[in-house]
Student: 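Dropping the structure in here first, questions after.
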2 protein chains.
Amino acid sequence: MNKKQLTKVLGGAEKLCRKRGARLTARRRTVLELLCASDKPLSAYEILDRMRATTRNPAPPTVYRALDFLLEQGLIHKLESLHAFVGCTHPEHPHSSQFLICGDCGEVSEMENEAILQSLQTAERATGFKTRHPVVELLGTCAQCAEKHQSG
Amino acid sequence: MNKKQLTKVLGGAEKLCRKRGARLTARRRTVLELLCASDKPLSAYEILDRMRATTRNPAPPTVYRALDFLLEQGLIHKLESLHAFVGCTHPEHPHSSQFLICGDCGEVSEMENEAILQSLQTAERATGFKTRHPVVELLGTCAQCAEKHQSG
DNA sequence: GGCATGACGGTTATGCCATAACATGATGTT
DNA sequence: AACATCATGTTATGGCATAACCGTCATGCC
């Protein structure tokens with residue numbers, strides 16, 4: 001995410017939280033900023049390391065509490081298969097996303113594909129299962145890296 | 001999985017491995033048995049605990065090595081969102097499954113839904129992404145538990 | 001037989017991920 | 001000021017996963 005987008009997302013997050021009566025405190029804002037500024041997903045301990053630049057002696061619970069808050073607010077996502085977190089690219093509305101995770105360059109792209117959601121919902125109806133949180137993560141190779149492999 | 005199914009799956013695994021030139025050793029077979037006999041997913045350390053009944057002083061690498069082998073052979077699946085493993089219900093052919101994970105009773109059911117796979121493949125084609133391993137895990141409440149909540 | 005090779009597993013140690021439990025501080029309300 | 005509530009600091013611990021090294025055993029080759 002570039003600087004302009006970052007400003008926009010942070011502003012949006014601010015507004016969203018105010019509207020909901022949720023408090024986007026300094027700590028939480030820092031974690032959100034770090035995640036959005038990174039072009040790769042970050043683990044909680046990577047966030048912790050980067051926080052040392054601005055915070056005295058941060059500890060794991062500090063980070064995890066901020067992450068919990070941001071997850072609840074839908075401002076970030078957790079990637080279960082990587083034990084890592086990414087900033088959400090469109091937190092304006094509640095949603096569930098799918099993630100394309102490139103094992104080559106480490107890039108992760110978030111998509112919101114209606115057809116996939118539909119097919120999941122159809123399966124739910126057929127089985128009577130009530131989904132609270134769908135996890136859809138595709139591990140593989142992104143288009144760019146796949147191309148490199150072919151030419152290289 | 002009941003005893004009859006267990007026997008069948010183990011026999012099938014035996015045959016499958018022989019066909020592939022892979023060795024289903026005693027350790028590996030034990031881990032597969034434990035997973036298939038359990039009605040819930042097991043973490044590596046839960047498997048470790050249960051192995052103490054038959055094996056002297058087992059250590060984590062023993063279990064993880066067996067799990068790696070079984071994953072490669074498609075005889076078990078890893079549930080990323082639970083850090084746990086389950087026996088595969090139909091290892092005869094290579095496949096990718098989706099999992100319905102009930103947060104209430106802990107039960108996990110494996111399904112192989114063509115429509116979901118289709119929608120994932122369509123999205124892949126649109127983005128140029130090459131998926132090696134799709135992770136689809138629906139966290140929620142199974143039909144049985146949902147019913148209980150309504151009546152209770 | 002003697003011996004290289006490679007897969008398997010034992011053993012020890014360690015690193016990363018995540019949370020429990022309790023203490024302290026900040027914020028808003030009456 | 002007194003209080004309730006939420007957020008954070010602090011210390012310790014538990015769970016998940018792997019690195020690195022070494023012994024063992026089966027197999028194939030000379």
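Values reported hereafter were calculated over all heavy atoms of this structure, with side chains retained and with hydrogens, waters and symmetry mates removed. Below, chain A is the first sequence line, B the second, and so on; all start at residue 1.
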Student: Does B:H83 place a side-chain N or O at less than 4.0 Å from the phosphate oxygens OP1/OP2 of C:dC17?
Tutor: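 Result: no.
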Student: Which whole-number value in Å describes the distance from A:Y64 OH to D:dT11 C1'?
Tutor: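 To the nearest whole Å, that distance equals 17 Å.
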Student: Nearest-Å distance, CG (B:L24) to P (C:dC8)?
Tutor: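 Rounded to the whole Å, the gap is 11 Å.
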Student: When you measure from the side-chain N and O atoms of A:T62 to the phosphate of D:dG9, is any distance below 4.0 Å, counting only OP1 and OP2?
Tutor: yes
Student: Could you work out which one of C:dT19, C:dC8, C:dA18 sits closest to the side chain of B:T25?
Tutor: C:dC8
Student: Has the side chain of B:R65 got a donor or acceptor atom sitting under 3.5 Å from an opposite partner on the base of C:dG10?
Tutor: yes
Student: Expressed as a whole number of angstroms, how long is the span from B:R27:CZ to C:dC8:P?
Tutor: 14 Å
Student: What are the two closest non-hydrogen atoms of B:I101 and B:S81, and how far apart are they?
Tutor: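 Heavy atoms only, the tightest pair is CD1-OG, 3.6 Å.
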Student: Rounded to the nearest Å, what distance is computed from the CG atom of residue A:L79 to the P atom of nucleotide C:dA18?
Tutor: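 So the CG-P distance, A:L79 to C:dA18, works out to 11 Å.
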Student: Using atom CG of B:D68 as one end and atom C1' of D:dT18 as the other, report the distance to the nearest whole Å.
Tutor: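 Between C1' of D:dT18 and CG of B:D68: 10 Å.
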Student: Could you state whether A:L71 and B:V135 fall into the same hydrophobic cluster, counting links through intermediate Ile, Leu, Val, Met, Phe, Trp or Tyr residues with side-chain heavy atoms under 4.5 angstrom apart?
Tutor: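 Result: no, two separate clusters.
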Student: To the nearest angstrom, how far is B:L67 atom CG from C:dC8 atom C1'?
Tutor: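 Interatomic distance, CG of B:L67 to C1' of C:dC8: 15 Å.
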Student: Please find the pair of heavy atoms, one from B:R28 and one from B:L70, that lie closest to each other, and give the distance.
Tutor: O-CD1, 3.7 Å
Student: What is the minimum heavy-atom distance between A:F99 and A:L79, and which atoms define it?
Tutor: CG-CD2, 3.5 Å
Student: Has the side chain of A:E107 got a donor or acceptor atom that lies under 3.5 Å from a matching backbone atom of A:C142?
Tutor: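 Checking the backbone N and O of A:C142 against the side chain of A:E107, no donor-acceptor pair under 3.5 Å is found.
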Student: Considering only D:dC6, D:dA17, D:dT10, which nucleotide approaches the side chain of A:A59 most closely?
Tutor: D:dT10
Student: Verify the contact: side-chain N or O of A:R23 to OP1 or OP2 of C:dG28, cut-off strictly under 4.0 Å; return yes or no.
Tutor: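 For C:dG28, OP1/OP2 do not have a side-chain N/O of A:R23 under 4.0 Å.
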Student: Starting from C1' on C:dT19, measure out to CG on A:L71 and report it in whole angstrom.
Tutor: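 Computing the A:L71:CG to C:dT19:C1' distance gives 15 Å.
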Student: What orientation do A:H95 and A:H90 show, parallel under 30°, tilted 30 to 60°, or perpendicular over 60°?
Tutor: perpendicular
Student: In residues 42-57 of chain B, what residues come within less than 4.0 Å of DNA chain D, judged by heavy atoms?
Tutor: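 Heavy-atom cutoff 4.0 Å gives B:S43, B:Y45.
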Student: Could you point out which residue of A:V63, A:T30, A:L34, A:V31 forms a side-chain contact (heavy atoms from CB on, under 4.5 Å) with A:R50?
Tutor: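 Looking at A:V63, A:T30, A:L34, A:V31, the match for A:R50 under the side-chain contact (heavy atoms from CB on, under 4.5 Å) is A:L34.
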Student: Would one find a side-chain N or O of B:K78 under 4.0 angstrom from OP1 or OP2 of D:dC16?
Tutor: no
